[in-house]
Amino acid sequence: MKRVFVFLITILVAVGCSVQYRGRTVHTSFLDFRPYVERGFFISPESYPGQYTSLGELSINVYPAILPKSKAPKREKKFEDGIYSNDTSNVYVESITSEELMELAYNKAHELGANGLSNFRSTAYFITTSDGSSYLDHYEVSGLCILIPE
């Protein structure tokens, strides 16, 4: 009977340790076209409805830097309670904002002589590991560089 009890306790401990809990995580991204429209630059996820000259397809891949935790920029701590701030990782993954991605696309298109980007897309690519966790691999921004007659 004692062996059965020890066996059952061992199984309960093993099963109990395998459950991974995670709180809700919400990621929101907003690509703000307004600053570029104010500069006279057309940008849309749709095709341009009027006359234009196609300059070429633009595709930019952005891979976040992965640095040792010691090289990470200093930031304000959000949580001090030891539960949510329990980061055991020894690396820092760069955070790239949607504003940075938009600015990269605008600058490159403008440099190529475009005054518009149609069929604009911004995508984040994630990799799922064998343990079921996932991490951000890279971002891709793309669109058709167009020249709209004035």
Side-chain angles (χ1 to χ4, degrees), residues 11-150:
I11 288 176
L12 287 174
V13 168
V15 170
C17 292
S18 67
V19 176
Q20 295 180 359
Y21 296 103
R22 178 181 70 207
R24 179 186 295 184
T25 303
V26 177
H27 297 276
T28 303
S29 176
F30 174 68
L31 299 173
D32 192 357
F33 296 165
R34 293 172 294 188
Y36 307 102
V37 171
E38 290 170 2
R39 297 180 205 171
F41 191 85
F42 172 83
I43 188 163
S44 172
E46 304 296 326
S47 296
Y48 183 72
Q51 295 291 322
Y52 65 89
T53 302
S54 177
L55 301 179
E57 184 75 22
L58 176 65
S59 178
I60 302 171
N61 292 307
V62 182
Y63 293 83
I66 299 174
L67 305 169
K69 189 73 91 152
S70 61
K71 303 276 186 188
K74 301 297 179 214
R75 62 185 176 100
E76 183 180 319
K77 292 183 180 178
K78 292 183 181 178
F79 305 105
E80 296 291 338
D81 61 5
I83 296 172
Y84 296 105
S85 62
N86 190 16
D87 184 5
T88 58
S89 174
N90 60 354
V91 297
Y92 162 77
V93 179
E94 174 189 25
S95 176
I96 300 173
T97 65
S98 57
E99 289 85 7
E100 289 177 87
L101 294 172
M102 285 295 304
E103 196 64 22
L104 281 169
Y106 167 78
N107 287 337
K108 190 61 178 176
H110 193 67
E111 175 186 310
L112 295 168
N115 62 359
L117 260 176
S118 67
N119 302 322
F120 180 79
R121 299 284 179 263
S122 176
T123 309
Y125 290 91
F126 291 86
I127 292 180
T128 303
T129 61
S130 60
D131 68 356
S133 63
S134 63
Y135 64 92
L136 174 70
D137 182 56
H138 71 283
Y139 295 97
E140 181 179 4
V141 289
S142 63
L144 179 65
C145 292
I146 60 175
L147 181 60
I148 303 167
E150 295 186 31

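For Ile66, the CD1 atom counts as loosely surrounded, since its 6.0 Å shell holds 12 or fewer non-hydrogen atoms of other residues, nucleotides or ligands. Within a 6.0 Å radius of CD in Glu57, more than 12 heavy atoms belonging to other residues, nucleotides or ligands are found. Annotation: Arg34, atom CZ; neighbour count of heavy atoms from other residues, nucleotides and ligands within 6.0 Å does not exceed 12.
By the 30° and 60° cut-offs, the orientation of the rings of Tyr106 relative to His110 is parallel.
The side-chain heavy atoms of Lys108 and Val141, taken from C-beta on, include no pair separated by under 4.5 Å. Taking 4.5 Å as the limit, some side-chain heavy atom of Val62 sits within range of a side-chain heavy atom of Leu104. In this structure, the side chains of Tyr52 and Phe42 stay at 4.5 Å or more apart for every pair of heavy atoms. You'll find the side chain of Tyr135 stays beyond 4.5 Å of the side chain of Pro64, heavy atoms only.
Nearest heavy atoms, Gln51 versus Pro149: O-CD, 3.3 Å. Residues Cys145 and Leu112 come closest through the heavy atom pair SG-CD1, 4.2 Å. The minimum heavy-atom distance linking Leu136 with Ala124 is given by the pair CD1-CB, 3.9 Å.
Atoms CD1 and CZ, from Ile148 and Phe41 in turn, are 8.0 Å apart once rounded to the nearest 0.5 Å. Taking CG from Leu31 and CE from Met102, the interatomic distance works out to 6.0 Å, rounded to the nearest 0.5 Å. Atoms NE2 and CD1, on His138 and Ile127 in that order, are 8.5 Å from each other to the nearest 0.5 Å.
Partner of Tyr48 under the side-chain contact (heavy atoms from CB on, under 4.5 Å) criterion, out of Leu144, Leu117, Ile43, Ile146: Ile146 alone.
Residues that satisfy the side chain to side chain donor-acceptor pair (under 3.5 Å) test with Ser47, not counting sequence neighbours, are Asn119.
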- Message: With side chain to side chain contact (heavy atoms under 4.5 Å, CB included) as the criterion, how do Glu99 and Phe30 come out once you've worked through the C-alpha distance, each side chain's angles and the decisive distance to 0.1 Å?
- Response: CA-CA 8 Å; Glu99 289 85 7; Phe30 174 68; over 6 Å; no
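Ser59 places no side-chain N or O within donor-acceptor distance of the main-chain N or O of Ser142, the cut-off being under 3.5 Å.
Side-chain contact annotation: Glu94 with Tyr63, donor-acceptor N/O pair under 3.5 Å absent.
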